[in-house]
Asks: 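This structure is in structure tokens; I'll ask about it shortly.
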Number of protein chains: 2
Amino acid sequence: MPADSRARWEWVYDDLKRRIDQHELAPGDQVPGELQLAEQHKVSRQTVRTALQRLQHEGLINEGKGRLGRTVREWRPLVYRPQSEFRRKPPTVDIYTQLLQDEGRDGTQTIEVGVVLPDEAVRQRLQLSQGEPVGYRRRTSYVDGVPFATDDSYVPLRIVEGSEWMVPGSVERGTNQVLAELGYELVESLDEIYPRLPQAAELERLALPPGTPMAELISTGHDREGRPVQVTICLLPGDRHVIVYERNRRAEETEPETKEAAAE
Amino acid sequence: MPADSRARWEWVYDDLKRRIDQHELAPGDQVPGELQLAEQHKVSRQTVRTALQRLQHEGLINEGKGRLGRTVREWRPLVYRPQSEFRRKPPTVDIYTQLLQDEGRDGTQTIEVGVVLPDEAVRQRLQLSQGEPVGYRRRTSYVDGVPFATDDSYVPLRIVEGSEWMVPGSVERGTNQVLAELGYELVESLDEIYPRLPQAAELERLALPPGTPMAELISTGHDREGRPVQVTICLLPGDRHVIVYERNRRAEETEPETKEAAAE
DNA sequence: GTGCATTTGTCCGTATGTATG
DNA sequence: ACATACATACGGACAAATGCA
């Protein structure tokens, strides 16, 4: 009817967006109900819903079921530092991220181990021939009872078969130490970060609302001879994580420049 | 009526997802029309639309206007290596031109410079007092005519005022070299990566369809004394980029001991 | 635990506007 | 100008999840 410039649902969208930005609707607050918004803006409930879905897909509000309705999303990321795996010293440049550092939250994890035929992504990174099996450790981490991240590690079975790497539950001295004792100490890693949206199965595993962006971090660890030993695939929901790297000129200058093309 | 476990639109979703995964629908192909899918699955067009919107928000298909309809999205990411900034190989080229040369694609860019009061994110990372202005260089990079990424750099105005850093257009020897000549050589950097969804203004600047996930990469560069000099904020759409880091034990072990932070 | 009220999720049918070839 | 296909919008209906009495 209006033949106007902008769509009706955008009015609703803009109204709610503004109220959220100005903290008139604070994180954790309930979003007004669909019927209420429909009446306020003189539009149908379906129109309100498209506006709400946009906000949901931008990560500003949660989907709401049952009595409680939708809520404004909270954003409290944990800091994830891939480099801490190799680090022996406290980070040097930490002024800002210290603020975001873990505030002593309650963390638990589940670990599942087994043997599978790797998919193409893992197989290529480990440079395995078709049909060679890998051992896996699939971990899901929980903070305050909600899943926070998953990380699945894969190592050729011939390396870890019968070792402590394949034992369920946490390994006190760390699985990387186990690999080192087996003669495959990890000394360098290539990390690939893919920002994307989760797929249905991942939504379920991480108990994410649809539309939550995340990062897939594929880390390929190499031993001293440069052979790939372990692939770890982390799924890090964007509303729960910030990934932090440090880099410095000196480290780059002293780095060997030989394996540049190995990524492809 | 359905009395079934899963929603009807999920059937449509699963069907299309499978056909895309198995390349029965190849990248660039047209997705079957909404009416056609509705008839095939014996559902209404609205139900088909919710399935298609999910696929769209997951980045698997494009939104389609006009005669052509929806198409299966192509996925050809560029490799973005923040660490190449500190590499010595090509001394003059900046991150993006090197990246584009590597891939052999046609790249252009627009650069805009100016002076602003920084927002909180930039101000805190540069440790500036309230009201201190910064110079900025805002770049939008295009590949094959479409925007590919943006990166906005900020440096305290007192450092770059009157220097070549504030000159529009590319600087032949690189802006980091200019900073070095001004006595602020960047030797280390803290990179924070936030997976998130773009906001309205960013959608416009990057010409993105809504729901495209992306990464915000905030890189804070420090000089030899550990003082923050430059903040660069990159927006990297997830369907066009993969971010790559390399790390190794040796670099972490040989790191300089600048300050003794309260060890964890 | 039951049942009720509320709110969102799903689904339908229909209609009109708009972008594209 | 026209056909096609998507975008927007309405109204109605029932199911499912949740909080609370």
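Numbered from 1 within each chain, the chains take letters A, B, ... in sequence-line order.
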Asks: Closer than 3.5 angstrom, by distance alone: can the side chain of B:Arg45 be matched with the main-chain N or O of B:Leu37 as a donor-acceptor pair?
Replies: no
Asks: Has the side chain of B:Arg8 got a donor or acceptor atom sitting under 3.5 Å from an opposite partner on the base of C:dG9?
Replies: no
Asks: Tell me the partner of D:dA15, counting only Watson-Crick (N1-N3 plus N6-O4 or O6-N4) or G-U wobble (N1-O2 and O6-N3) with both under 3.5 Å; none if nothing fits.
Replies: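 Paired with C:dT8.
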Asks: From C-beta outward on B:Glu34, which listed nucleotide comes closest to its side chain: D:dC6, C:dC12, D:dC10?
Replies: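 Of all the options, the side chain of B:Glu34 is nearest to D:dC6.
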Asks: Between D:dA13 atom C1' and A:Leu35 atom CG, what is the distance in whole Å?
Replies: 13 Å
Asks: Counting any heavy atom closer than 4.0 Å, what does A:Arg49 reach on the DNA or RNA strands: base, sugar-phosphate only, or nothing?
Replies: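 Answer is base: heavy atoms of A:Arg49 come under 4.0 Å of a base.
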Asks: To the nearest Å, give me how far apart CZ (B:Arg45) and P (D:dA7) are.
Replies: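 Checked: the CZ to P distance equals 8 Å.
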Asks: In whole Å, what is the span from the CD atom of A:Glu39 to the P atom of D:dC10?
Replies: 14 Å
Asks: Taking atom types as modelled, find out whether B:Thr150 and B:Asp152 have a side-chain donor-acceptor pair closer than 3.5 angstrom.
Replies: no
Asks: Whole Å only: how far is the CD1 atom of A:Ile61 from the P atom of C:dT7?
Replies: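 Answer to the nearest Å: 15 Å.
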Asks: From CD of B:Gln30 over to P of C:dT20, roughly how many Å is that when rounded to an integer?
Replies: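 Whole-Å distance recorded here is 15 Å.
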Asks: Counting only side-chain heavy atoms from C-beta out, which of D:dA7, C:dG9, C:dC11 sits nearest to B:Trp9?
Replies: C:dC11
Asks: Hey, which sits more toward the 5' end of DNA chain C by its nearest nucleotide, B:Gln46 or A:Gly69?
Replies: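 The residue whose closest nucleotide sits nearer the 5' end is A:Gly69.
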Asks: What integer distance in Å separates B:Arg54:CZ from C:dG9:C1'?
Replies: 10 Å
Asks: Return whichever of A:Leu68 or A:Ser44 has its heavy-atom-nearest nucleotide of DNA chain D closer to the 5' end.
Replies: A:Ser44
Asks: Could you work out which one of C:dG9, C:dT10, D:dA9 sits closest to the side chain of A:Ala7?
Replies: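 Output: D:dA9.
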Asks: More than 12 heavy atoms of other residues, nucleotides or ligands under 6.0 Å from CD of B:Glu39: is that the case?
Replies: no
Asks: Pick out which of B:Leu117, B:Asp119, B:Val116 makes a side chain to side chain contact (heavy atoms under 4.5 Å, CB included) with B:Val134.
Replies: B:Val116
Asks: B:Val48 or A:Pro32: which one's nearest nucleotide on DNA chain C is closer to the 5' end?
Replies: A:Pro32
Asks: Check every strand shown and say whether B:Arg70 touches a base, only sugar-phosphate, or nothing at a heavy-atom separation below 4.0 Å.
Replies: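 B:Arg70: backbone/sugar contact only, no base atoms under 4.0 Å.
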Asks: C:dT10 C1' sits how many Å from B:His41 NE2, rounded?
Replies: 17 Å
Asks: Are A:Asp14 and A:Arg18 ion-paired here, with the side-chain N under 4.0 Å from a carboxylate O?
Replies: no
Asks: Rounded to whole angstrom units, what separation is found between the CH2 atom of B:Trp11 and the P atom of C:dT10?
Replies: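 Atom CH2 in B:Trp11 sits about 16 Å away from atom P in C:dT10.
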